[in-house]
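The structure under discussion appears below in the form of structure tokens.
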Amino acid sequence: MSTPNCLVTNDWICGEYLRTRSEELTDATLQHVGITVVSVLLALLVAVPLALLVRAKPRFAGPVLGLTTLLYTVPSLAMFSLLLPVFGLSAALVVTGLVLYALTILVRNTLAGLDAVPAETREAARGMGYGSWRLLWQVELPLALPVLMAGIRMATVSTIALTTVGSVVGRGGLGNLIEDALPTFFKAQVLAASVLCVLLAVTADLLLLGLQRLLTPWARIRTAPGGA
């Protein structure tokens with residue numbers, strides 16, 4: 001007697017599903033990665049200037065931090081609904097929502113990183129003739145990089161999770177597969193898409209951690225035991 005097909009019996013773990021739907025899984029994963037990367041990069045391009053504005057003009061700290069925090073409290077479905085009249089059912093709607101969510105983390109971490117730069121380091125750089133922009137790019141941002149990268153890691157993992165909600169407009173990457181599988185409770189598809197989401201988050205975090213270590217070699221320096 002032949003073994004029942006796992007697709008027919010609707011098993012959670014089904015190699016046949018992975019074999020026959022590999023192209024569908026790949027396309028959904030690539031869409032998920034693309035939306036995440038674009039969203040985080042755009043959020044970073046907005047967050048860094050906002051953080052610099054707040055640091056240069058502290059009177060803007062309350063409005064900027066308050067607004068970004070307020071946006072983060074808006075439920076994702078409500079956020080997409082508010083953006084729908086502007087962007088329609090498009091990837092831009094999902095990306096814009098994800099950018100707004102990431103701003104809270106990135107603005108605060110950028111500010112924290114810049115504030116952590118020792119005042120004596122700034123004074124020494126100014127004494128060597130560094131202007132404001134040179135001081136920022138060659139001294140402050142490199143020293144703030146560990147805290148900034150920690151924010152990017154948190155924002156990336158959060159964005160990977162929130163991207164699945166984009167399935168409500170058909171732009172949710174792996175979330176599309178989960179939503180399509182729920183009405184019939186297609187177990188193999190739900191599990192495969194969910195596991196891939198988790199793997200994406202873990203992989204992205206590890207890659208960013210590796211990039212952080214590569215860009216900040218001084219942070220790995222440790223005094224040898226008993227050394228000076």
Side-chain angles (χ1 to χ4, degrees), residues 12-13 18 22 24-51 65 68-69 71-77 79-80 91 94-117 140-167 171-179 189-222:
W12 282 105
I13 300 176
L18 297 177
S22 59
E24 186 178 4
L25 287 169
T26 301
D27 290 343
T29 302
L30 291 176
Q31 184 186 71
H32 206 110
V33 171
I35 290 174
T36 299
V37 170
V38 171
S39 299
V40 173
L41 288 178
L42 288 177
L44 193 59
L45 289 175
V46 176
V48 172
L50 281 178
L65 296 179
T68 55
T69 301
L71 290 172
Y72 197 78
T73 64
V74 178
S76 53
L77 290 178
M79 176 72 78
F80 291 155
V94 179
V95 168
T96 303
L98 296 175
V99 167
L100 294 176
Y101 282 126
L103 285 179
T104 301
I105 300 171
L106 293 176
V107 170
R108 290 179 180 275
N109 274 63
T110 303
L111 275 174
L114 292 173
D115 289 343
V117 177
E140 293 180 315
L141 282 179
L143 292 177
L145 201 54
V147 179
L148 178 57
M149 285 299 298
I152 294 174
R153 288 168 59 196
M154 288 189 291
T156 300
V157 171
S158 174
T159 301
I160 289 174
L162 287 171
T163 297
T164 58
V165 185
S167 61
R171 297 293 190 276
L174 293 165
N176 293 340
L177 299 182
I178 296 174
E179 185 179 38
Q189 184 160 302
V190 171
L191 180 63
S194 301
V195 169
L196 283 173
C197 281
V198 174
L199 290 177
L200 276 181
V202 172
T203 301
D205 189 57
L206 291 176
L207 287 175
L208 289 171
L209 178 60
L211 179 62
Q212 176 182 333
R213 291 174 63 85
L214 182 66
L215 295 176
T216 57
W218 61 85
R220 302 196 303 269
I221 298 176
R222 296 290 185 271

Taking C-beta and beyond as the side chain, do Ser76 and Tyr101 meet within less than 4.5 Å on heavy atoms? yes

Please determine which of Val40, Leu44, Val38, Val46 meets the side chain to side chain contact (heavy atoms under 4.5 Å, CB included) test together with Leu42. Val38

Considering residues at least two apart in sequence or located in another chain, which fulfil the side-chain contact (heavy atoms from CB on, under 4.5 Å) criterion with Ala201? Val157, Ile160

Applying the side chain to side chain contact (heavy atoms under 4.5 Å, CB included) test to Thr163, which of Ile35, Leu174, Val33 qualifies? Ile35

Working to the nearest 0.5 angstrom, can you tell me the gap between Leu209 CG and Leu214 CG? 11.5 Å

Beyond-backbone contact of Leu200 with Leu196, side-chain heavy atoms, under 4.5 angstrom: no

Taking salt bridge (Lys or Arg N to Asp or Glu O under 4.0 Å) as the cut-off, I'd like each qualifying pair that reaches into residues 153-162, sequence neighbours left out, listed once. Arg153-Asp205

Once rounded to the nearest 0.5 Å, what's the spacing between atom CG of Leu111 and atom CG of Leu106? 11.0 Å

What residues form a side-chain contact (heavy atoms from CB on, under 4.5 Å) with Leu71, not counting sequence neighbours? Leu67, Met79, Leu100

Mark yes or no for whether Gln189, through its side chain, and Leu177, through its backbone, hold a donor-acceptor pair below 3.5 Å. yes

What's the verdict on side chain to side chain contact (heavy atoms under 4.5 Å, CB included) for Leu208 and Met149, showing C-alpha distance, side-chain angles and the deciding distance? CA-CA 7 Å; Leu208 289 171; Met149 285 299 298; 4.2 Å; yes

Leu65 side chain reached by Thr104 side chain, heavy atoms, under 4.5 Å: no

Distance in Å, Gln31 CD paired with Thr36 OG1, rounded so as to fall on 0.5 Å steps: 10.0 Å

Counting distance only, does the side-chain N/O of Ser158 pair as donor-acceptor with the main-chain N or O of Met154 below 3.5 Å? no

Short side-chain to backbone donor-acceptor contact, Tyr72 and Leu103, under 3.5 Å: no

Evaluation steps, side chain to side chain contact (heavy atoms under 4.5 Å, CB included), between Leu141 and Leu114: CA-CA 7 Å; Leu141 282 179; Leu114 292 173; 4.1 Å; yes

The criterion is side-chain hydrogen bond (donor to acceptor under 3.5 Å, both in side chains); which residues satisfy it with Thr69, sequence neighbours excluded? Arg108

Considering non-hydrogen atoms only, spot the tightest contact between Ala51 and Val107 and give its length. CB-O, 4.0 Å

Smallest heavy-atom separation, Ala204 atom then Thr156 atom, equals CB-CG2, 3.9 Å

For the side chain of Asn109 and the backbone of Val147, is there at least one donor-acceptor N/O pair under 3.5 Å apart? yes

Locate the shortest heavy-atom distance separating Ala144 from Val117; write the atom from each residue and the value. N-CG2, 4.5 Å

Verdict with reasoning, Thr164 to His32, per side chain to side chain contact (heavy atoms under 4.5 Å, CB included): CA-CA 8 Å; Thr164 58; His32 206 110; 3.5 Å; yes

side-chain hydrogen bond (donor to acceptor under 3.5 Å, both in side chains) with Glu179: which residues, sequence neighbours excluded? none

First locate atom CG of Leu41, then atom CD1 of Ile152, and finally report the distance between them rounded to the nearest 0.5 Å. 8.5 Å

Who are the side-chain contact (heavy atoms from CB on, under 4.5 Å) partners of Ile178, not counting sequence neighbours? Leu182, Ala193, Ser194

